[in-house]
Amino acid sequence: MRGVLGDTPARDYSQKLKQFNAFARPELCRAMDDLGLQAGMRVLDAGCGTGDALAWLGARIQPGGVAMGVDLSLAHVEAARETVGDPTSVIQADLLSMPFRRESFDLIWSVNVVHHLSNAVDAMQVFKDLLRPGGRMAMGQSSFLADMYFAWDARLERATNEAVRQYYRDRYEVSERELTSVRAIVGLMRQTGWRNVRAHSYLIERVSPLHRDDEVYLAETIFRQSWGERLKPYLSPEDYEALSQLSDPAHPKFALRRPDFHFLQTLSFVTGER
Ligand SMILES: C[S@@+](CC[C@H](N)C(=O)[O-])C[C@H]1O[C@@H](n2cnc3c(N)ncnc32)[C@H](O)[C@@H]1O
């Protein structure tokens, strides 16, 4: 039941998911719009987390559409039920044993999930069985590390990214490949026999002054939780001090208020047909 990044039914990182979805909402919604969703479709969000995308998908298939979410974590399921306002449309289950009949869906959407699964190949087969013939799978993955955090200091950015990688390797004992799962999705879909496999990446690009949702995600989820104290063992004292100043909203050097702040991260979608 435990995935490579330690997910369990009891694990709860719902605040982080809410913050990411508020941040990446424009790009996630663009990806949904590009899928050509239509009224009446049946859509599954596999690994729906806090249900933000599930709500946006549901709104795009009315009237008559059905949007179901499945997630392993009880806390995420409860958050998703609240987000969509319909407890029956979110189910707590492992993606490998979902309680749906074969060929129940027109589309399966799954974002930032594949790298959490210990057996992604089996999951792809399950997804295929749940789609009607000609139904589509949309696998989304944001890059593990952004392409640019500190436009003005590529060296510190590189040191920080390497520190994050080291932390994940030590904490979860995951390999470089598992940390860069965006690279695996095309191969995984081809290996598991999907037709018309296509990839398209959206760029999450932000400059200062930032929208509040952007500032909350970057300052809270990235600077405070992903970086913060836990990177201390992996950085020189000088770099740790510089990073702490850039990450601190109360410090005059706070990165997000710099006029040259420019952030770049990819959000890739790979689609395939059953
Ligand atoms: C990084 S989160 C992404 C959530 C959501 N798709 C989003 O984009 O906000 C990964 C999600 O996959 C869920 N998950 C991990 N392993 C799972 C499994 N075996 N079965 C169902 N859900 C799983 C986790 O509980 C978590 O909610």
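Just so you know, ligand 1 is whichever comes first in the structure, and atom 1 is the first atom listed for that ligand. Keep in mind that what you see is a predicted model, and the values were worked out from it rather than measured.
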Ligand 1 atoms in contact with Asn21 (distance to a heavy atom under 4.0 Å): 7 (C), 9 (O)
From the list Asp170, Asp239, Thr160, side chain to side chain donor-acceptor pair (under 3.5 Å) partner of Tyr234 resolves to Asp170
Closest heavy-atom pair, Tyr202 versus Asp34, reported as atoms and distance to 0.1 Å, is OH-OD2, 2.7 Å
Determine, using ring centers only, whether Phe105 and Phe100 are less than 6.0 Å apart. yes
Run the numbers for me: atoms of ligand 1, each under 4.0 Å from some heavy atom of His76, listed by number. 25 (O), 26 (C), 27 (O)
Numbering the atoms of ligand 1 from 1, which are under 4.0 Å from a heavy atom of Leu117? 16 (N), 17 (C), 18 (C), 19 (N)
Is the charged tip of Arg206 near the ring of Phe23: under 6.0 Å from the six-membered ring centre and within 45° of its axis? yes
Ligand 1 contact by Ser110, heavy-atom criterion under 4.0 angstrom: no
Interfacing atoms of ligand 1 (cut-off 4.0 Å, heavy-atom, Ser73): 25 (O)
Neighbour count >12 (heavy atoms, 6.0 Å) for atom CZ, Arg212: no
Scan side-chain atoms only and decide if His262 and Glu205 contain a donor-acceptor pair under the 3.5 Å cut-off. yes
Taking only distance into account, with no hydrogens and no angle test, what donor-acceptor pairs under 3.5 Å do side-chain atoms of residues 37-46 form with protein atoms, sequence neighbours excluded?
unit_1 : atom_1 : unit_2 : atom_2 : d
Arg42  : NE     : Ser104 : O      : 2.7

Note: heavy atom closest to atom 25 (O) of ligand 1, options Val114, Asp7, Asp71, belongs to Asp71
Mind checking whether Tyr13 has a heavy atom under 4.0 Å from ligand 1? yes
Would you check whether Leu17 has a nitrogen or oxygen atom less than 3.5 angstrom from a nitrogen or oxygen atom of ligand 1? no
Roughly how far, to the nearest 0.5 Å, is CG of Leu57 from CE of Met68? 13.0 Å
Mark up the atoms of ligand 1 that fall under 4.0 Å of a heavy atom belonging to Gly47, in ascending order. 4 (C), 5 (C), 6 (N)
Give the numbers and elements of all ligand 1 atoms closer than 4.0 Å to a heavy atom of Ala93. 20 (N), 21 (C)
Under 3.5 Å side-chain donor-acceptor pair for Asp71 and Ser73: no
Non-hydrogen atoms of Cys48 versus ligand 1: any pair closer than 4.0 Å? yes
Counting only heavy atoms, tell me which of Leu96, Val77, Leu72 gets closest to atom 17 (C) of ligand 1. Leu72
For Val113 and ligand 1, does the shortest N/O to N/O distance drop below 3.5 Å? no
